[in-house]
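Written below as structure tokens is the structure these notes are about.
Start at 1 with the first residue, then count along the sequence.
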Amino acid sequence: MMTGEMVEAAAVPRVVSILSALLQRVAERNDAAAAAEAEAEAAEEEARRRPVSAFQGLTKPAISIGGYLERIFRFASCSPSCYVVAYIYLDRFLRRRPALAVDSFNVHRLLITSVLTAVKFVDDICYNNAYFARVGGISLVEMNYLEVDFLFGIAFDLNVTPAAFASYCAVLQSEMAYLEPPAPVDAPRLHCYSAAGTSDHHDDPAAAAVTVAGCHRHSQQQPQLTV
């Protein structure tokens, strides 16, 4: 017999845990890169080179990325497809801001903002910004500012084609295979739902898994996320 906690944990869609694990690995890698740079350079130079971003916090939040994304899931009541669309939006945002690397100082704000943007576009009913601000642990003023900055960051490119949606699902499916041991042949696969809207925008999920994390800090090449 399952306890209440076990039932509650089982209710979390796989896409939530997969996305949080992917971003956790990216943030940890960029944290390590930042720490190495801090040892090699003066504090003044590091502060000068770090990209100025509304998403960059001064301290690391106490809650983990996985815990934060589960908190959003439990209180925001978003459909599972919102997390895939949020991943797509985050990739688009980071492609346009290659100097910004996802790390422990900005990933929480990027997550709450990308999910907020996705739920407004995908779901028929959603909570307002004040509620999302409470869920995310930030002020309403900051939530509003982050949303506007994020929308301009993706050039208001909100439409997601079914093909792009399916491709990003495949990226998350690959991440699941990386995280979990081989499943029985008859085990259920990760199911994603149809995306809202259509567009001529052609996302490249392979590079995507790639960019979401903006990924190698201060890289000389196009930043890529390797899952």
Side-chain angles (χ1 to χ4, degrees), residues 15 19 22-23 26-27 30 49-57 69 72 76 78-79 81-103 105-124 126-129 132-133 136 138 140-172 192-225 227:
V15 65
L19 183 55
L22 187 154
L23 291 173
V26 168
N30 285 327
R49 290 188 302 104
R50 181 173 296 171
V52 177
S53 170
F55 295 90
Q56 204 73 21
L69 202 52
I72 295 173
C78 307
S79 63
S81 58
C82 284
Y83 298 96
V84 180
V85 174
Y87 177 42
I88 295 172
Y89 289 169
L90 185 56
D91 180 51
R92 292 176 182 178
F93 181 81
L94 293 169
R95 284 170 184 270
R96 290 184 168 92
R97 297 192 180 181
L100 180 63
V102 174
D103 58 24
F105 292 90
N106 60 31
V107 65
H108 295 76
R109 288 179 175 82
L110 287 168
L111 271 174
I112 191 67
T113 309
S114 60
V115 172
L116 169 66
T117 305
V119 72
K120 286 185 176 183
F121 191 78
V122 174
D123 288 354
D124 294 328
C126 65
Y127 292 106
N128 59 22
N129 284 27
F132 266 86
I138 58 179
L140 174 58
V141 172
E142 185 175 15
M143 185 77 266
N144 291 340
Y145 184 83
L146 292 177
E147 180 187 22
V148 172
D149 189 72
F150 191 82
L151 287 170
F152 275 98
I154 63 174
F156 291 86
D157 184 10
L158 298 173
N159 285 333
V160 176
T161 64
F165 186 89
S167 297
Y168 278 82
C169 282
V171 172
L172 294 174
C192 294
Y193 305 87
S194 60
T198 58
S199 170
D200 291 330
H201 182 96
H202 297 288
D203 296 283
D204 180 4
V210 165
T211 327
V212 160
C215 219
H216 299 293
R217 180 183 292 270
H218 308 305
S219 172
Q220 296 299 319
Q221 301 178 347
Q222 178 67 22
Q224 294 189 345
L225 166 66
V227 295

Measure the CG-CD1 distance between Leu69 and Ile112 for me, rounded to the nearest 0.5 Å. 9.0 Å
Evaluation steps, side-chain contact (heavy atoms from CB on, under 4.5 Å), between Thr117 and Val85: CA-CA 9 Å; Thr117 305; Val85 174; over 6 Å; no
Does the side chain of Leu23 come within less than 4.5 Å of Leu90's, by heavy atoms? yes
Can you name the one residue among Val160, Val171, Ile154 that meets side chain to side chain contact (heavy atoms under 4.5 Å, CB included) with Ile88? Val160
Considering non-hydrogen atoms only, spot the tightest contact between Cys82 and Val119 and give its length. SG-CA, 3.6 Å
Non-neighbouring partners of Asn106 that pass side-chain hydrogen bond (donor to acceptor under 3.5 Å, both in side chains), sequence neighbours left out: Gln56, Asp103
Begin with the C-alpha distance, continue with both residues' side-chain angles, and end with the deciding distance and a verdict on side-chain contact (heavy atoms from CB on, under 4.5 Å) for Val115 and Tyr89. CA-CA 9 Å; Val115 172; Tyr89 289 169; over 6 Å; no
Exercise: identify the closest heavy-atom pair between Val84 and Tyr168: CG1-CB, 4.2 Å
If you measure from OH on Tyr83 to CG on Leu19, what distance do you get to the nearest 0.5 Å? 9.5 Å
Phe93: partners by ring pair (Phe, Tyr, Trp, His ring centres under 6.0 Å), with sequence neighbours left out: Phe55, Phe150
Which atom names give the shortest non-hydrogen contact between Val122 and Ser79, and what distance separates them? CG1-OG, 4.2 Å
Atom OG1 in Thr113, atom CZ in Phe132: separation rounded to 0.5 Å? 10.5 Å
So Ile138 and His108, do their side chains get closer than 4.5 Å, heavy atoms only? no
Among residues two or more places apart or on two chains, list those pairs meeting side-chain hydrogen bond (donor to acceptor under 3.5 Å, both in side chains) that have a residue in residues 142-152. Arg97-Asp149, Arg109-Glu142, Lys120-Glu147, Asn129-Asn144, Asn129-Glu147
Nearest 0.5 angstrom please: Ser114 OG to Asp91 CG, how far? 11.5 Å
Could you check Phe121 against Asn159 for side-chain contact (heavy atoms from CB on, under 4.5 Å), going step by step and ending with a plain yes or no? CA-CA 8 Å; Phe121 191 78; Asn159 285 333; 3.0 Å; yes
Show the nearest heavy-atom pair for residues Ala86 and Ala118, with the distance to one decimal. N-CB, 3.7 Å
